[in-house]
Structure formats: C-alpha cells, structure tokens
Amino acid sequence: MEEKILKGRGVIPGIVEGKAIVCPGSITGWGGIDPETGVIKDYENSNKGMTIKDSILIMPGSKGSNGWSCYFGAARAAGCAPKGWAFTRIDSSAGVASAVMQIPTVVDFPLDADPCKVIKTGDYVRLDGEKGTLEILERA
C-alpha cells in the first residue's frame, strides 16, 4: 500500500497507534457515549455499539452543548478513553475536551485531506500530536 500521511495541526503532543473509529457526524455529547464503558450509544452514529476505548477517534468536531467534553472526561476517568483523536476542524467544545483528556490530538486538516473522508473505521493509524500528522499504516 502506498503511504498516506495526512497533515493537520498538532495540539496535544504524543504518538499513538491503533484502530480508527471514524464518526463523520461526530458523537452527541449528551448521552452519545456511555462514559463508564466508552460504548457509542448515539442512535445516529454508524459505529453505535463500538467502544471508543483505546481507539483513534476521528470526527469533524464536537456535536452538542458545552457539556460535550464532560462525557469524554468521564470516559477518561473510567479508563475508557480513546488513545488519541483527530478533528477535521477544532471548535470550542473539542478544544476543551482535548485539554481535559490530555491525549494526543491533531486538528485543522486541509479540505483535500479530511480524515473523515480519507480514513475508514478499522484502518490502523498512527497519530502524532506534536508533528500534527495522521498516518494510515494498514487499511481495514
């Protein structure tokens, strides 16, 4: 497979690898995940029933109110957080969540390198929060 590296902007440093969960419609903050298990409960989400635990979570941005970051912070406290995440565009709730989570984070990708369109759920990826890269290592 030809190497594919998407370049965004690094926000929280660190390098992590894992299976991607791509949520092109994001995840609703209020009740979109079970913070005790990390299982996606959002009825509109194509990944409903999957756990965000130890994944690389890829979303366009946040979805819902300011409480969005609280659910992800609670998942972190329960040991069910993703290893890292990428946002097509950073917004205020995603920014707060990134600060709360302190997991490697990459944001603000160019339009022709939107990770929600290039990466598929199940792809094995490496995220580098310092360099601001998201690399596809193996396709699902």
Side-chain angles (χ1 to χ4, degrees):
M1 180 189 102
E2 134 184 357
E3 181 178 62
K4 182 67 174 178
I5 300 176
L6 306 179
K7 180 76 172 120
R9 181 170 59 90
V11 175
I12 307 289
I15 299 171
V16 290
E17 291 184 9
K19 291 209 176 185
I21 296 180
V22 182
C23 298
S26 194
I27 298 174
T28 303
W30 193 265
I33 61 167
D34 179 343
E36 293 181 14
T37 63
V39 171
I40 299 171
K41 298 185 335 180
D42 196 337
Y43 67 92
E44 294 179 337
N45 196 297
S46 60
N47 298 301
K48 182 179 177 183
M50 293 181 75
T51 182
I52 63 172
K53 181 179 180 179
D54 296 331
S55 70
I56 309 299
L57 193 55
I58 301 170
M59 299 181 281
S62 66
K63 181 180 178 181
S65 70
N66 291 341
W68 192 81
S69 61
C70 295
Y71 276 84
F72 290 95
R76 179 178 182 262
C80 295
K83 290 180 182 178
W85 54 11
F87 298 103
T88 304
R89 293 278 171 266
I90 192 75
D91 56 48
S92 59
S93 293
V96 169
S98 295
V100 167
M101 298 286 280
Q102 286 298 301
I103 57 176
T105 304
V106 180
V107 302
D108 295 341
F109 292 84
L111 292 175
D112 64 343
D114 182 344
C116 289
K117 294 179 180 172
V118 176
I119 297 171
K120 305 292 182 215
T121 294
D123 287 353
Y124 193 82
V125 300
R126 176 184 298 128
L127 183 140
D128 186 327
E130 187 168 334
K131 290 181 180 177
T133 58
L134 183 57
E135 181 178 3
I136 302 166
L137 300 176
E138 184 179 325
R139 290 288 186 179

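Computation of the quantities below employed the complete heavy-atom set of this structure, encompassing side-chain atoms and omitting hydrogens, waters and symmetry-equivalent molecules. Bear in mind the structure is a predicted one, so any value in this text is a computation, not a measurement.
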Quick one: [atom1] on [X] to [atom2] on [Y], what's the gap to the nearest 0.5 Å?
| X | Y | atom1 | atom2 | answer |
| --- | --- | --- | --- | --- |
| Cys23 | Asp42 | SG | CG | 8.5 Å |
| Lys83 | Ile56 | NZ | CD1 | 6.0 Å |
| Ile40 | Ser55 | CD1 | OG | 7.5 Å |
| Ile15 | Arg126 | CD1 | CZ | 7.5 Å |
| Lys48 | Ile27 | NZ | CD1 | 13.0 Å |
| Arg9 | Asp108 | CZ | CG | 4.5 Å |

* To do: Check the pair Lys19, Met50 against side chain to side chain contact (heavy atoms under 4.5 Å, CB included), reporting the backbone distance first and the verdict last.
  => CA-CA 12 Å; Lys19 291 209 176 185; Met50 293 181 75; over 6 Å; no
May I ask whether [X] and [Y] are part of the same hydrophobic cluster, defined by side-chain heavy atoms of I, L, V, M, F, W, Y residues being less than 4.5 angstrom apart, directly or through others?
| X | Y | value |
| --- | --- | --- |
| Ile21 | Met101 | yes |
| Val22 | Leu134 | yes |
| Tyr71 | Phe87 | yes |
| Ile90 | Leu57 | yes |
| Val39 | Ile58 | no |

* To do: Give the C-alpha distance, both sets of side-chain angles, the deciding distance and a yes or no for side chain to side chain contact (heavy atoms under 4.5 Å, CB included) between Val125 and Leu127.
  => CA-CA 7 Å; Val125 300; Leu127 183 140; 5.6 Å; no
* **Close side-chain approach of Ser93 and Ser69, heavy atoms under 4.5 Å** => no
What's the shortest heavy-atom distance between [X] and [Y], and which atoms?
| X | Y | answer |
| --- | --- | --- |
| Gly25 | Lys63 | O-CD, 3.3 Å |
| Pro35 | Cys80 | O-CB, 4.4 Å |
| Gly14 | Pro104 | O-CB, 3.5 Å |
| Gly61 | Trp68 | O-CZ2, 4.3 Å |
| Pro24 | Pro60 | O-CG, 3.2 Å |
| Ala140 | Thr121 | CB-O, 3.9 Å |

Does any N or O in the side chain of [X] come within less than 3.5 Å of the main-chain N or O of [Y], such that one atom is a donor and the other an acceptor?
| X | Y | answer |
| --- | --- | --- |
| Asp123 | Leu137 | no |
| Thr51 | Thr37 | yes |
| Arg89 | Phe109 | yes |

* Determine whether more than 12 heavy atoms belonging to other residues, nucleotides or ligands lie under 6.0 Å from atom NZ of Lys7. =>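 Enclosed.
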* Asked: Is it true that atom CD of Glu36 has more than 12 heavy atoms of other residues, nucleotides or ligands lying nearer than 6.0 Å?
  -> no
* Are Met59 and Thr88 close enough, and set up right, to give a side chain to side chain contact (heavy atoms under 4.5 Å, CB included), and what steps lead you there? -> CA-CA 6 Å; Met59 299 181 281; Thr88 304; over 6 Å; no
* Asked: What residue among Ile103, Val107, Val106, Ile52 forms side-chain contact (heavy atoms from CB on, under 4.5 Å) with Trp85?
  -> Ile103
